[in-house]
Amino acid sequence: MSNMQLCSTGLLAFLVILPHFCWSQYAAPPGDQIWEVEGEIGLVTTMLQDKGLVDILDESRSRKIIRVGLKNSIDVKFILLQHKLTYKILVKDLASYLKEKDGKTIKTRSITCTDLSCPQPLSDAYMTLDQIEWYLKELNISHSSRVNVTSIGKSIEGRDIWLVHIRPLKCRVDGAVWIEAGIHAREWIAPAVILQLIPKLLEDCSRIGYLDIFIVPMANPDGYLYSWTTNRLWRKNRRINNNTSQVGCDGVDLNRNWDYKFGLFASSNPCSETFHGASGFSEPETKALSDAMIAVSRDYNLLMVMAFHSYGQFILHPWGWSTEEAPDTPMMISRATLWANATKKRYGTVYKVTSTTVGLYAASGATDDWAKAVLQVKYSYTVELRDEGTEGFVLSPNQIVPSSEEVWDGMKILLTAVGPGDYIYL
Ligand SMILES: [Zn+2]
């Protein structure tokens, strides 16, 4: 079904109450381009990003693929020239590129879903924010004996941040795990995969059933919505930053806003994609998440925290702020390796096990560092899902099913290994 058909069908039903709900999934600011910088880059692209002139799209150590807005392109060219660097244009008009990509995407949405409602996680399309919320509310009703869906707070634009608590199947309880997805708006595959895992977790009758599982499938609802309506590659939340009249200078990078080693390796420039915000936990989203995690940590034996992102295919362990070894690093590597080996089996997808600073780059104020340092959880991870850069953040929806299947293979092993079956893997 085409976008137009979807919109038309929806309009028939919702014309009166929601006349504006047809939106483009693949919008981009006019004139945005994607460049590949060539030569010895060093920290030049990081510096350009800190200045708010580019958006680094390269989720690898090389950091050479950048998004450049029309208004900054002359400045960026000049600075690259100063550093004797050249570049080639990979995408001349991002808006057209995304539109064309969307046109090639086969859309076969379930007939039981509209853009506003959906009773189950979609496996062949990314879900709208409304669909996600609809599903979570359905889940709360249909599985009321084991599932509690509650709001842990509001986003800066007043949207609920939902927490799904799956209670243990068994009488004996061994501990709890916390799973976060969607803190970076454009990384659509992360919430999509986590939503796919919820029914699998509910159906599983193995040792996973001894755990309390807490899941935030959508940590940044405002940003996610904005990535659907206005800018597919939006990353931050939707705080309107004062003292900046420039386009693109709004938002805080929520994964640089956690109050541990705040501001060390993140930008103080509101125009930067990695702007850390005014202070640690200045943003209602990170405040809500951390308060809820503190409560879980107080009331349960919190064994593990996992934050799902894309892309690059990594399972990262702390620290992000230092190359020093975090406590429990050998155990974190051991369990991450179990996850990566199990994940690889089905389709051969390789996930690299490394620390954030060693494998990627220094970044402070992230969920995993805070959980490790402040909550002192034994196992703390950031997972970067598919792919390795072919499609990057705009991963095709046909990747939802294989990504979810392989991640589930890994989670079955990992949830057993960090919980009741810990002794088996010593
Ligand atoms: Zn991310």
Side-chain angles (χ1 to χ4, degrees), residues 45-46 49-50 54-63 65-67 126 155 161 178-195 215-228 231-239 251-258 260 265-267 272-277 283 285-286 289-290 305-321 351-352 354-357 359-372 380-389 391-395 399-400 403 407:
T45 53
T46 305
Q49 180 164 267
D50 286 347
V54 306
D55 171 18
I56 299 174
L57 298 178
D58 198 340
E59 291 285 292
S60 73
R61 281 196 77 80
S62 66
R63 319 217 79 194
I65 312 291
I66 55 176
R67 178 167 64 101
Y126 291 108
S155 67
I161 297 166
W178 178 278
I179 293 170
E180 169 208 285
I183 204 166
H184 283 149
R186 62 193 177 191
E187 299 165 9
W188 289 6
I189 189 66
V193 163
I194 295 312
L195 288 164
I215 302 172
V216 177
M218 178 47 66
N220 178 10
D222 302 346
Y224 185 71
L225 186 62
Y226 195 74
S227 74
W228 275 74
N231 183 349
R232 174 64 185 84
L233 291 178
W234 189 258
R235 167 184 169 95
K236 300 187 277 185
N237 76 348
R238 287 298 303 151
R239 173 177 288 280
V252 168
D253 183 345
L254 297 176
N255 212 37
R256 301 291 182 275
N257 187 244
W258 293 70
Y260 174 69
F265 293 101
S267 178
S272 168
E273 291 293 333
T274 56
F275 175 47
H276 53 50
E283 303 312 294
E285 295 87 352
T286 46
L289 289 164
S290 58
V305 168
M306 288 184 98
F308 282 82
H309 290 246
S310 75
Y311 58 95
Q313 294 171 202
F314 292 95
I315 177 162
L316 303 164
H317 53 85
W319 304 111
W321 71 275
Y351 277 79
K352 286 94 51 189
T354 177
S355 86
T356 306
T357 321
L360 279 178
Y361 40 77
S364 61
T367 308
D368 56 354
D369 273 12
W370 180 84
K372 185 70 203 166
S380 184
Y381 299 111
T382 292
V383 176
E384 299 283 356
L385 293 166
R386 288 189 186 194
D387 57 12
E388 290 187 291
E391 294 186 298
F393 298 118
V394 287
L395 197 68
Q399 299 287 301
I400 295 172
S403 298
V407 167

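In listed order, ligands and their atoms are each counted from 1.
- With hydrogens and angles ignored, the 3.5 Å screen pairs no side-chain donor or acceptor of Asn257 with any backbone N or O of Thr286.
- In this structure, Tyr260 has its ring center under 6.0 Å from that of Trp319.
- Tyr126 places a side-chain heavy atom less than 4.5 Å from the side chain of Leu395.
- Residue-and-atom listing of protein N/O/S atoms under 2.8 Å from the Zn ion (ligand 1), sorted by chain and number: His184 ND1, Glu187 OE1, Glu187 OE2, His309 ND1.
- Between the Asp387 side chain and the Gly392 main chain, a donor and an acceptor come within less than 3.5 Å of each other.
- Within the 3.5 Å criterion, the main-chain N or O of Gln49 finds a donor-acceptor partner in the side chain of Ser272.
- Thr357 contributes a side-chain N or O that, together with a main-chain N or O of Gly320, makes up a donor-acceptor pair within less than 3.5 Å.
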